[in-house]
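What follows is a short report on a single structure.
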Amino acid sequence: MGAGHTHPLHVHEHSRTHHLPAHVKVVATLTTAGLVATAPRDDVIAFAGAAVVLAAVARASRVPGRFLVSRLAVTAPFLIAALLLPFVASGPRVDVVGVPLAVEGLWGALGLVSRTLLGATASLLLVATTEVPALLRGLERLRVPPVLTQIAATMLRYLEVIVGEVGRQRRAMTARGYDPRWLWQLGPLTAGLGVLFVRAYERGERVHAAMLARGFTGRMPVLVAERPATAADWAVAMAVPGLVAVARTVGAVVGGAEAWA
Amino acid sequence: MTAETGAAPPALEVEGLRFRYPDGTPALDGVDLVVAPGERVALLGPNGAGKTTLSLHTNGLLRAESGTVRVVGVELDQATLREIRRRVGFVFQDAEDQLFMSRVRDDVAFGPANHGLRGAELDARVDAALAALDVTHLADRAPHHLSGGEQRRVAIATVLALRPDVLVLDEPTAGLDPASRRDLIGVLQGLDVAQLVVTHDLALVLELCPRTVLMDGGVVVAEGPSRELLADAALLAAHRLESPPGLAPAPRG
């Protein structure tokens, strides 16, 4: 890390993926996520295919598996909700090691878990291989309205500000003997949230003032010459959703796993 | 060392500036201040005197109720705001507020790029600013991984890259170790640009700024050559400041 470290989700490497123009990667990621999200919930061939393709991308981009797994933790609430489905859904049930589980719930869980994990992985690979300014410029090149990219830029900046403030607050608490290890010990930390918000807001204001002082007008300036996307760039990037589309086609021909049972 | 030397307009000229915070607290109550081209002026005063409020007016981050700010003769208003912000290099007290890009080089390029510089011209401007602050070797580092002293110098480089007519520095030596402080003073002495230095560091004032303006309660209460002003123990004590050791009680010849 060190010199190239830019944001907590970025993996500093020099792979082909890292060097693809950002807007090409954005299109490829959105297409991939769209294909995964719209796949039938029992299309295991499409899900497995997408998993293999994304694993290959991660490998080619030198994004460590451990990094992906730890960042995928943010999807935990969805996964927990999905895993509850087999227990709470109504309809016919099957016995799995003595526990009666709803068949509908099982398929629902499979679909939800697969879509969540695959979609999140695709997005993670995008941000892991793209620096924030490049990402924002990429969105601008895709004609995303500047007001939206500005909101995104502001959110990212405030996010770092808030993460920094949380760290400082946590240190200040730790220094005075507070060492939360369990959920029920989080009281003081949550009590500090209000203060945290105000401090982060004020800090964000100061950062913004510093940007204005240097002539910021709402658009990030272009600092590095951007190379135009070549046909090869598009071909490499779109191969990812392309392969996922192939898996979906195969899945559609073979039929969903629900029919196999 | 006054402004009335020849035809060149002062680098910074503040006249009758009044400002009240939104909650009604008066902060500036008619401030006049002049910084000549290339001159280094210290702005002293106790906490709450209005120093930072005044400095925020110099590039339009706060707008006065009445009074004017002129930078090299250009009066600050909505139409000139952008030009004034280029001409006044504002260095914030906390360098972390100022540095937000992922690389030092990009942060230094941010200002000039906002003002339309591109390509080789932009690179040259960035290189010159980095060299002036002696931070060329940090160009590819991440700003938030630098030491306090390095961050301070990079922060100054980010505004120097705009080729300002006047630098406004808010507490430039706060929180620096003696060696970093020494480096910074050396660098500031070498810069060929007018400087308004807001500070509590009286030793810094003696070394860096021939002239001092003393503020309290939102007005300028005294100004003059730093050596004389800082030797006036009674004046300083009346405004919650102390003469630097070795200078009080009497001015040295």
Side-chain angles (χ1 to χ4, degrees), chain A residues 1-12 14 18 22 127 129-137 150 153-165 167-168 199-227, chain B residues 52 55-56 58-62 81-120 122-123 126 137-146 155 158-162 164 168 170:
Chain A
M1 286 228 211
H5 174 81
T6 58
H7 62 85
L9 293 176
H10 190 256
V11 177
H12 186 65
H14 294 282
H18 283 78
V127 291
T129 59
T130 317
E131 295 195 24
V132 169
L135 193 57
L136 295 174
R137 278 292 303 153
Q150 272 177 51
T154 313
M155 268 178 52
L156 284 164
R157 200 182 66 223
Y158 277 65
L159 190 69
E160 282 184 24
V161 165
I162 288 171
V163 169
E165 289 290 347
R168 266 188 285 275
R199 281 173 54 177
Y201 178 79
E202 287 176 351
R203 188 173 189 88
E205 286 292 292
R206 290 198 300 275
V207 172
H208 188 64
M211 294 171 80
L212 289 180
R214 282 191 279 157
F216 183 63
T217 51
R219 282 181 85 97
M220 290 301 277
V222 187
L223 295 177
V224 271
E226 292 167 334
R227 63 185 182 88
Chain B
T52 298
S55 65
L56 287 171
T58 58
N59 75 349
L61 287 171
L62 288 178
L81 184 59
R82 205 169 152 69
E83 187 187 347
I84 295 282
R85 284 187 172 159
R86 186 196 66 70
R87 289 178 180 277
V88 179
F90 196 92
V91 183
F92 284 73
Q93 179 170 355
D94 186 347
E96 285 194 19
D97 290 343
Q98 188 135 11
L99 306 172
F100 54 89
M101 299 290 270
S102 48
R103 283 195 313 166
V104 166
R105 163 171 290 281
D106 294 343
D107 227 318
V108 176
F110 178 81
N114 277 329
H115 287 88
L117 252 61
R118 293 287 182 272
L122 179 59
D123 290 342
V126 171
H137 59 291
L138 304 175
D140 292 313
R141 299 273 302 277
H144 51 277
H145 287 172
L146 303 179
T158 64
V159 300
L160 200 68
L162 289 163
V168 178
D170 194 0

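Model, not experiment: these values are computed from the prediction. Each chain gets a letter, A, B and so on, in the order its sequence line appears, and its residues count up from 1.
- A salt bridge does not link D107(B) with R141(B): every distance from a Lys NZ or Arg NE/NH1/NH2 to an Asp or Glu carboxylate oxygen is 4.0 Å or more.
- Using a 4.5 Å cut-off between heavy atoms, D123(B) does not touch chain A at all.
- Ring geometry, H14(A) versus H12(A): the interplanar angle exceeds 60°, so the pair is classed perpendicular (tilted spans 30 to 60°).
- When each of A161(B), P164(B), A113(B), G60(B) is scored by its heavy-atom pairs under 4.5 Å with chain A, the top score falls to A113(B).
- The parts of F110(B) that come within reach of chain A are both its backbone and its side chain, each placing non-hydrogen atoms under 4.5 angstrom from that chain.
- Taking every heavy atom of both residues into account, L162(B) and R85(B) meet most closely at CD1-O, 4.3 Å.
- For R105(B), no part lies under 4.5 angstrom from a heavy atom of chain A.
- Closest of all the heavy-atom pairs between F90(B) and A213(A) is CB-CB, 4.4 Å.
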